[in-house]
Chemist: 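Next up is a structure, given as structure tokens.
Everything quoted here is computed from the prediction, not taken from an experiment. By convention in this document, chain letters (A, B, ...) are assigned in the order of the sequence lines, proteins followed by strands, and residues within each chain are numbered from 1.
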There are 2 protein chains.
Amino acid sequence: MRESAVKDRILDTASRLFYDQGYHVTGINQIIEEADIARASLYNHFPSKTDLLLAYLDRTHQEWFVELDEFLAPIPMAREKLLALFDYRLQRQRRYGYKGCPFNKITAETSDDEQVLQRVKVHKEQIRDTIRQLVLQAEHRRLMDDDRLTDTLFLLQEGGIVLGATFRSSNDAEKARQIAESLL
Amino acid sequence: MRESAVKDRILDTASRLFYDQGYHVTGINQIIEEADIARASLYNHFPSKTDLLLAYLDRTHQEWFVELDEFLAPIPMAREKLLALFDYRLQRQRRYGYKGCPFNKITAETSDDEQVLQRVKVHKEQIRDTIRQLVLQAEHRRLMDDDRLTDTLFLLQEGGIVLGATFRSSNDAEKARQIAESLL
DNA sequence: TTCAAAATAGATAAGTCTGTCTATTTTCAG
DNA sequence: CTGAAAATAGACAGACTTATCTATTTTGAA
């Protein structure tokens, strides 16, 4: 049996609205209307709004790293891969309208849900690990040791993305990339 | 006529709940109950929930820089003031439970409100300016020029704070401070 | 073609939300 | 002490929320 097209439309619509508008201001009714599906179909696939949120986070996380792998694959050198990671995140911000990292957004909205927080932690830790692996392989300028460089690059990225949301611009993320370049 | 104690209690309670729980999940009813004031008193002082939000942002912004001035005042050297700015933000995170910057939080929740976004921009730009002024005064190691160092320090701070919210910890903000120290 | 699974429309429950209004009591300055 | 301003309790409107349920139609694989 093939995957349900209805389920995909629900998740697509919910993802877009959760990210663009926010989770709490997005009602089930709006999702149903914009996805153009029946109310019972939604509750058949996702027993509660929380399940829909978790599915959104899981799919976003999965897609994030699949696309990253594709993005980095043609780049041979670890140093250039590290810079491309900045480009990748910039590309995503451009594509989705400078609203910041979806995981940081949901953390800001739902401070206490353990299931949500756990997924955010996993996502961020995996980004940090990706950076660390590349730093270990890269022949960088050794202005810092590997651990410190890892932290620096990660902090610069997170800072650039979050400022992109407040200024609706790529300026700070681009500066972050330039700084990274000078440190590598 | 003196300032109303009721108005202060409303704003205190709303601020706490907006920050701890989030703006949209905090209802007027909860504010009324926890502030232990009458419904009409709230609407007398704040005609709408949005007015309450804007008052919260304005007061937080004002208090942020008043406290910062007090924090930096006894420190003589610009370089040490820059590091103390990291300490100041760390202290605030500790005090308020590692939920991130209140301005970033509200940006994540209310993506489209121009009045809100404007206040966030002003707040962040003022932090950046504060850093810039101190960098210009500081006799730093000249590993970068003043503008780039300003951006770097700002990005490190923002990154450290936002990661503090996902890991509910001061680890990344402390690392940010250490990196800043090595760059100064 | 058959027939179960999937999707549909729509009513409904039970609760919450913001904001308004009335009527009463408290507070506090002159 | 007086009288206006401030605060109170509480009902209420109207809209919205998530979730459930029934009954019907469509879909698609065997």
Chemist: Side chain of Tyr43(B) only, heavy atoms from C-beta on: which candidate in dG19(C), dA7(C), dT20(D) is closest?
Modeler: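 Side chain of Tyr43(B) sits closest to dG19(C).
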Chemist: Check the distance between dT18(D)'s P and Ile10(A)'s CD1 and give it to me in whole angstrom.
Modeler: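 It is 14 Å, rounded to the nearest whole Å.
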Chemist: If you check the Ser48(B) side chain, which of dA7(C), dA19(D), dG19(C) turns out closest?
Modeler: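 Selected nucleotide (nearest to the side chain): dG19(C).
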Chemist: Specify whether His61(A) and Phe103(A) have parallel, tilted or perpendicular ring planes, treating 30° as the upper limit for parallel and 60° as the lower limit for perpendicular.
Modeler: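 Perpendicular.
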Chemist: Quick check for you: among dC21(C), dT8(C), dA7(D), whose closest atom lies nearest to any side-chain atom of Ala40(B)?
Modeler: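 So the side chain of Ala40(B) is nearest to dC21(C).
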Chemist: Nearest whole angstrom, please: distance from the C1' of dT17(D) to the CG of Leu17(A).
Modeler: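 Whole-Å distance recorded here is 16 Å.
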Chemist: Heavy atoms only, 4.0 Å cut-off, all strands: where does Thr50(B) land among base, sugar-phosphate and nothing?
Modeler: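 Here Thr50(B) touches no strand at all.
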Chemist: Does any part of the side chain of His45(A), heavy atoms only, come nearer than 4.5 Å to the side chain of Leu52(A), both counted from C-beta?
Modeler: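 No, too far: nothing below the 4.5 Å cut-off.
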Chemist: Would you kindly give the CD1-to-P distance between Ile37(B) and dT27(C), to the nearest whole Å?
Modeler: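 Atom CD1 in Ile37(B) sits about 16 Å away from atom P in dT27(C).
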Chemist: Could Lys49(B) and Tyr23(B) be counted as a cation-pi pair, given that NZ or CZ must be under 6.0 Å from the ring centre and within 45° of the axis?
Modeler: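 Yes - Lys49(B) lies over the ring of Tyr23(B), closer than 6.0 Å to its centre and within 45° of its axis.
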Chemist: Measure from NZ on Lys7(A) to P on dT27(D) and round the result to the nearest Å.
Modeler: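 So the two atoms are 21 Å apart, to the nearest Å.
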Chemist: Looking only at the side chain of Asn29(A) (C-beta and beyond, no hydrogens), which of the listed nucleotides dT17(D), dA7(D), dG19(C) gets closest?
Modeler: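 Out of dT17(D), dA7(D), dG19(C), the nucleotide with an atom closest to Asn29(A)'s side chain is dT17(D).
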Chemist: Please confirm whether Trp64(A) and Phe71(A) have ring centers closer than 6.0 angstrom.
Modeler: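 For Trp64(A) and Phe71(A), the ring centres are not under 6.0 Å apart.
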Chemist: Over how many whole Å does the gap from Lys49(A) atom NZ to dC16(D) atom P extend?
Modeler: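 Lys49(A) atom NZ is separated from dC16(D) atom P by 15 Å.
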Chemist: Write down the distance between CZ (Arg39(A)) and P (dT12(C)), rounded to a whole number of angstrom.
Modeler: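 Arg39(A) atom CZ is separated from dT12(C) atom P by 14 Å.
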Chemist: Within the 4.0 Å heavy-atom criterion, would you say His24(A) contacts the bases, only the backbone, or no part of the nucleic acid?
Modeler: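 Nothing: the residue His24(A), judged by heavy atoms under 4.0 Å, touches no strand.
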Chemist: Rounded to whole angstrom units, what separation is found between the CD1 atom of Ile32(A) and the P atom of dT8(C)?
Modeler: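 About 10 Å, once rounded to whole Å.
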Chemist: Are any side-chain N or O atoms of Arg39(A) and backbone N or O atoms of Ile32(A), one a donor and one an acceptor, separated by less than 3.5 Å?
Modeler: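 Answer holds: no.
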Chemist: In whole angstrom, give the distance that lies between atom CG of Leu42(B) and atom P of dT18(C).
Modeler: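 Roughly 10 Å, once rounded to whole Å.
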